[in-house]
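Here is the structure we will look at.
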Amino acid sequence: QVQLVESGGGLVQAGGSLRLSCAASGRTFSSYAMGWFRQAPGEEREFVARISTRGANTYYPDSVKGRFIVSRDNAKNTAYLQMNSLKAEDTAVYYCAADLNHYSSYVPSLPSEYDYWGQGTQVTVSS
């Protein structure tokens, strides 16, 4: 079992920055990869970032590449999502998720491929 709790969301002006945190408990944090997703009203949940178990590998879709940075601190059982140059279209509820599976080269980007989820934190970007 894995429990995840996000924090750090809020209201920010376009062009600003926010850092989200995801505190994990339960299973050994360094044993699973972490992902971040977001969901805007009326939209499907969208993949935002992924980081491997020890942080060596990160992945982003084109929509956030160069603006968002995912990281993790295994000693603190916490993953982070640094969001820079925020745009109005980044407004959504942001979720962190744990993936207990292991892949050699495949990068899971579908919500169904993740095993545990946090409750989400709202990010609102005003234009």
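- Scanning both residues, R54 and R72, for their nearest heavy atoms gives C-CD, 4.4 Å.
- Between the side chains of Y103 and E113, no donor-acceptor pair is found at a separation under 3.5 Å.
- Under a hydrophobic-cluster definition in which Ile, Leu, Val, Met, Phe, Trp and Tyr are linked whenever side-chain heavy atoms come within less than 4.5 Å, directly or via other members, V2 and W117 are assigned to different clusters.
- Residues T124 and Q122 approach most closely at OG1-NE2, 3.3 Å, considering heavy atoms.
- Residues L81 and F68 have side chains in contact (heavy-atom distance under 4.5 Å, counting atoms from C-beta outward).
- Counting side-chain heavy-atom gaps under 4.5 Å among Ile, Leu, Val, Met, Phe, Trp and Tyr, Y80 is found in no cluster with other residues.
- By the side-chain hydrogen bond (donor to acceptor under 3.5 Å, both in side chains) test, N77 is found to be paired with no residue, residues two or more places apart in sequence or in another chain being considered.
- Legend: disulfide (SG to SG under 2.5 Å) pairs involving residues 62-121, not counting sequence neighbours, sorted by first then second residue: C22-C96.
- We find the CG-OG1 distance between N74 and T53 to be 7.5 Å, quoted to the nearest 0.5 Å.
- Scanning for side-chain hydrogen bond (donor to acceptor under 3.5 Å, both in side chains) contacts around S30 gives an empty result, with sequence neighbours left out.
- Within the structure, salt bridge (Lys or Arg N to Asp or Glu O under 4.0 Å) contacts touching residues 14-37 (residues at least two apart or in different chains) do not occur.
- Evaluation of the disulfide (SG to SG under 2.5 Å) test over residues 34-68, restricted to residues two or more places apart or in two chains, returns none.
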For residues 40-52, which side-chain donor-acceptor pairs fall under 3.5 Å, sequence neighbours excluded?
unit_1: R45; atom_1: NE; unit_2: Q39; atom_2: OE1; d: 3.2
unit_1: R45; atom_1: NH2; unit_2: Q39; atom_2: OE1; d: 3.2
unit_1: E46; atom_1: OE1; unit_2: R38; atom_2: NE; d: 2.8
unit_1: E46; atom_1: OE1; unit_2: R38; atom_2: NH2; d: 3.4
unit_1: R50; atom_1: NH1; unit_2: D99; atom_2: OD2; d: 3.0
unit_1: R50; atom_1: NH1; unit_2: Y114; atom_2: OH; d: 2.9
unit_1: R50; atom_1: NH2; unit_2: D99; atom_2: OD2; d: 3.0
unit_1: S52; atom_1: OG; unit_2: A56; atom_2: N; d: 3.2
unit_1: S52; atom_1: OG; unit_2: N57; atom_2: N; d: 2.9
unit_1: S52; atom_1: OG; unit_2: N57; atom_2: O; d: 3.4

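- Taken from CG in L100 to OG in S31, the straight-line distance is 6.0 Å, to the nearest 0.5 Å.
- Look at D62 and K65 and you find a salt bridge, because one of the NZ, NE, NH1 or NH2 atoms lies within 4.0 Å of a carboxylate O, short of that distance.
- A disulfide (SG to SG under 2.5 Å) check over residues 38-95, counting only residues at least two apart or in different chains, returns nothing.
- Of all non-hydrogen atoms in F37 and S109, the two that sit nearest each other are CE2-O, 3.5 Å.
- Every residue two or more places apart in sequence or in another chain that forms a side-chain contact (heavy atoms from CB on, under 4.5 Å) with Q13 is listed here: S126.
- With rounding to the nearest 0.5 angstrom, the OG1 atom of T78 is 12.0 Å from the CD atom of E6.
- Taking OH from Y94 and CH2 from W36, the interatomic distance works out to 10.5 Å, rounded to the nearest 0.5 Å.
- Residues satisfying the ring pair (Phe, Tyr, Trp, His ring centres under 6.0 Å) criterion with Y32, sequence neighbours excluded, are F29.
- Counting all heavy atoms, side chain and backbone alike, G120 lies closest to V93 at CA-CG1, 3.8 Å.
- Pairs of residues two or more places apart, or lying in two chains, never qualify as disulfide (SG to SG under 2.5 Å) while including a residue from residues 26-91.
- Taking OH from Y95 and CG from L20, the interatomic distance works out to 12.5 Å, rounded to the nearest 0.5 Å.
- Note: the hydrophobic cluster containing Y116 also contains M34 (ILVMFWY, side chain heavy atoms under 4.5 Å, direct or indirect links).
- Annotation for S17 and Q82: closest pair CB-NE2, 3.9 Å, computed over non-hydrogen atoms.
- By the side-chain contact (heavy atoms from CB on, under 4.5 Å) test, V12 pairs with L18, L86, V125, sequence neighbours left out.
- For the atom pair CG (L4) and CD (Q119), the distance works out to 9.0 Å, reported to the nearest 0.5 Å.
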Verify side chain to side chain contact (heavy atoms under 4.5 Å, CB included) between M83 and V123, making sure each step is shown before the conclusion. CA-CA 10 Å; M83 304 185 295; V123 172; 3.8 Å; yes
